[in-house]
Amino acid sequence: MYNDYYEFSLMPLPYSYSALEPHIDAKTMELHHDKHLKTYVDNLNAILKNFPAYQDWSLEKLVRDYMQLPMEIQQGVRNNAGGVFNHNFYFANLTNKNTRLDEELSGAIDRTFGSFDSFKEGFKKAALGVFGSGYAFLVLDANSQLKITTTPNQDNPLTQNMFPIMEIDVWEHAYYLKHYNVRADYIDDWFRVVDLDMASRNYKSIMDLQKGTHCRM
């Protein structure tokens with residue numbers, strides 16, 4: 001059973017390794033999930049093993065509030081909790097099914113970027129612009145505005161009070177076996193398997209949460 005608290009466990013893929021073929025190959029999915037993600041899970045558990053006071057923190061809280069941890073584990077938690085969160089989000093938001101944006105997110109994208117095609121262009125440019133390893137995100141900021149942002153390594157927009165809607169992993173291990181060094185082709189293929197239904201649900205849940213928070217203020 002998947003566990004989102006210590007001891008953390010490997011989140012199962014919601015599809016087979018080959019489900020995203022030909023856009024993302026089966027071997028990449030197997031190695032990315034079973035090796036790379038599992039290493040982050042194992043490392044995070046090892047770091048927290050001797051710190052029981054923080055074992056009841058959720059994965060999201062560890063990512064967001066790592067600066068509140070003892071100095072000796074801050075960087076390790078930042079890297080490995082981020083690695084678990086980012087990979088879980090990435091894998092959960094891919095699909096081999098036909099999906100589409102709902103009217104709410106589609107309208108927000110049109111208002112912010114002009115059109116979905118313009119958003120895709122901006123998102124691809126941002127993902128191509130990540131130097132070395134990292135991620136590109138579509139996020140909702142604290143003012144309920146959509147933005148495209150990037151993070152290096154395993155950093156996450158949660159630490160900047162921004163909430164992920166969509167995310168692409170542009171570490172080379174996410175695409176090198178199929179696309180070699182041509183990140184642009186991988187990004188195009190990612191857009192063919194990103195779960196737009198899930199993105200729409202993410203947007204709605206965050207908007208509802210922000211509206212509720214504002215109502216309580």
Side-chain angles (χ1 to χ4, degrees), residues 2-6 8-11 13 32-33 36-48 51 54-71 73-94 105 119 122-175 183 186-187 190 194-195 198-199 201-207 209-210 213:
Y2 171 64
N3 191 15
D4 203 29
Y5 290 80
Y6 181 88
F8 294 92
S9 57
L10 185 64
M11 184 189 76
L13 280 178
H32 198 175
H33 179 268
H36 290 279
L37 173 53
K38 187 176 187 302
T39 297
Y40 287 115
V41 172
D42 292 344
N43 287 346
L44 183 58
N45 285 330
I47 291 168
L48 293 175
F51 291 85
Y54 304 99
Q55 291 175 1
D56 63 347
W57 283 27
S58 69
L59 180 62
E60 182 174 327
K61 182 171 177 60
L62 288 167
V63 170
R64 186 182 62 241
D65 298 331
Y66 73 90
M67 291 288 288
Q68 299 176 22
L69 296 168
M71 182 69 70
I73 63 171
Q74 282 184 13
Q75 191 61 47
V77 170
R78 177 184 182 178
N79 292 341
N80 290 283
V84 176
F85 186 98
N86 289 337
H87 281 96
N88 285 353
F89 194 92
Y90 173 78
F91 290 126
N93 285 268
L94 299 175
L105 180 53
F119 157 70
F123 191 87
K124 182 175 182 179
K125 181 179 180 180
L128 286 171
V130 174
F131 180 78
S133 302
Y135 296 82
F137 294 86
L138 174 66
V139 299
L140 199 64
D141 70 12
N143 297 314
S144 301
Q145 299 298 309
L146 289 175
K147 290 184 176 179
I148 296 169
T149 191
T150 62
T151 63
N153 302 315
Q154 294 297 346
D155 289 356
N156 187 277
L158 289 171
T159 61
Q160 303 171 54
N161 203 25
M162 296 188 292
F163 304 90
I165 305 297
M166 282 191 254
E167 169 211 274
I168 185 170
D169 184 341
V170 292
W171 285 63
E172 284 190 344
H173 63 244
Y175 61 89
R183 185 186 289 181
Y186 160 66
I187 297 168
W190 175 85
V194 65
D195 190 338
M198 179 70 76
R201 291 193 295 272
N202 291 339
Y203 177 76
K204 185 179 188 310
S205 65
I206 297 165
M207 285 292 289
L209 179 64
Q210 290 185 339
T213 300

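Below, each value reflects all heavy atoms present in this structure, side chains not excepted, and no hydrogens, waters or symmetry copies.
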Sorted by chain and residue number, the salt bridge (charged side-chain N to carboxylate O under 4.0 Å, His left out) partners of K125 (sequence neighbours excluded) come out as none
D155: which residues meet the salt bridge (charged side-chain N to carboxylate O under 4.0 Å, His left out) condition with it, sequence neighbours left out?
R78
Can you tell me how far [atom2] of [Y] sits from [atom1] of [X], rounded to the nearest 0.5 angstrom?
X    : Y    : atom1 : atom2 : result
L146 : F119 : CG    : CZ    : 8.5 Å
T150 : L128 : OG1   : CG    : 11.5 Å
S144 : Y203 : OG    : OH    : 7.5 Å
N88  : E60  : CG    : CD    : 12.0 Å
W190 : Y90  : CH2   : OH    : 8.5 Å
I168 : I187 : CD1   : CD1   : 5.0 Å

Show the nearest heavy-atom pair for residues [X] and [Y], with the distance to one decimal.
X    : Y    : value
A136 : F123 : O-CZ, 3.6 Å
I148 : G122 : CD1-C, 3.7 Å
N161 : A142 : ND2-CB, 3.3 Å
V170 : R183 : O-NH2, 3.4 Å
L59  : V84  : CD2-CG1, 3.6 Å

D65 vs W57 side-chain heavy atoms within contact, under 4.5 Å:
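Of all side-chain heavy-atom pairs linking W57 with D65, at least one is under 4.5 Å.
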Among L158, L140, T149, side chain to side chain contact (heavy atoms under 4.5 Å, CB included) partner for P164:
L158
Parallel under 30°, tilted from 30 to 60°, perpendicular over 60°: which one fits the rings of [X] and [Y]?
X    : Y    : value
F91  : H32  : perpendicular
Y6   : F8   : perpendicular
H173 : W171 : tilted

Would you say [X]'s side chain and [Y]'s backbone share a donor-acceptor pair under 3.5 angstrom?
X    : Y    : result
H33  : M11  : yes
E167 : F137 : no
Q210 : D141 : yes

With respect to Q154, which candidate in N79, N86, N80 satisfies the side chain to side chain donor-acceptor pair (under 3.5 Å) definition?
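Passing option: N86.
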Check the side chains of Q75 and Y66 for a donor-acceptor pair under 3.5 angstrom, ignoring hydrogens and angles.
no
Side-chain donor-acceptor pair under 3.5 Å between N93 and N202, yes or no?
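N93 vs N202: donor-acceptor pair found between side chains.
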The test is side chain to side chain contact (heavy atoms under 4.5 Å, CB included); show your working for Y54 and V77 and say whether it passes.
CA-CA 11 Å; Y54 304 99; V77 170; over 6 Å; no
So F163 and V139, side chain to side chain contact (heavy atoms under 4.5 Å, CB included) or not? Walk me through it.
CA-CA 5 Å; F163 304 90; V139 299; 5.8 Å; no
Heavy atoms of other groups near K147 NZ, more than 12 under 6.0 Å:
no
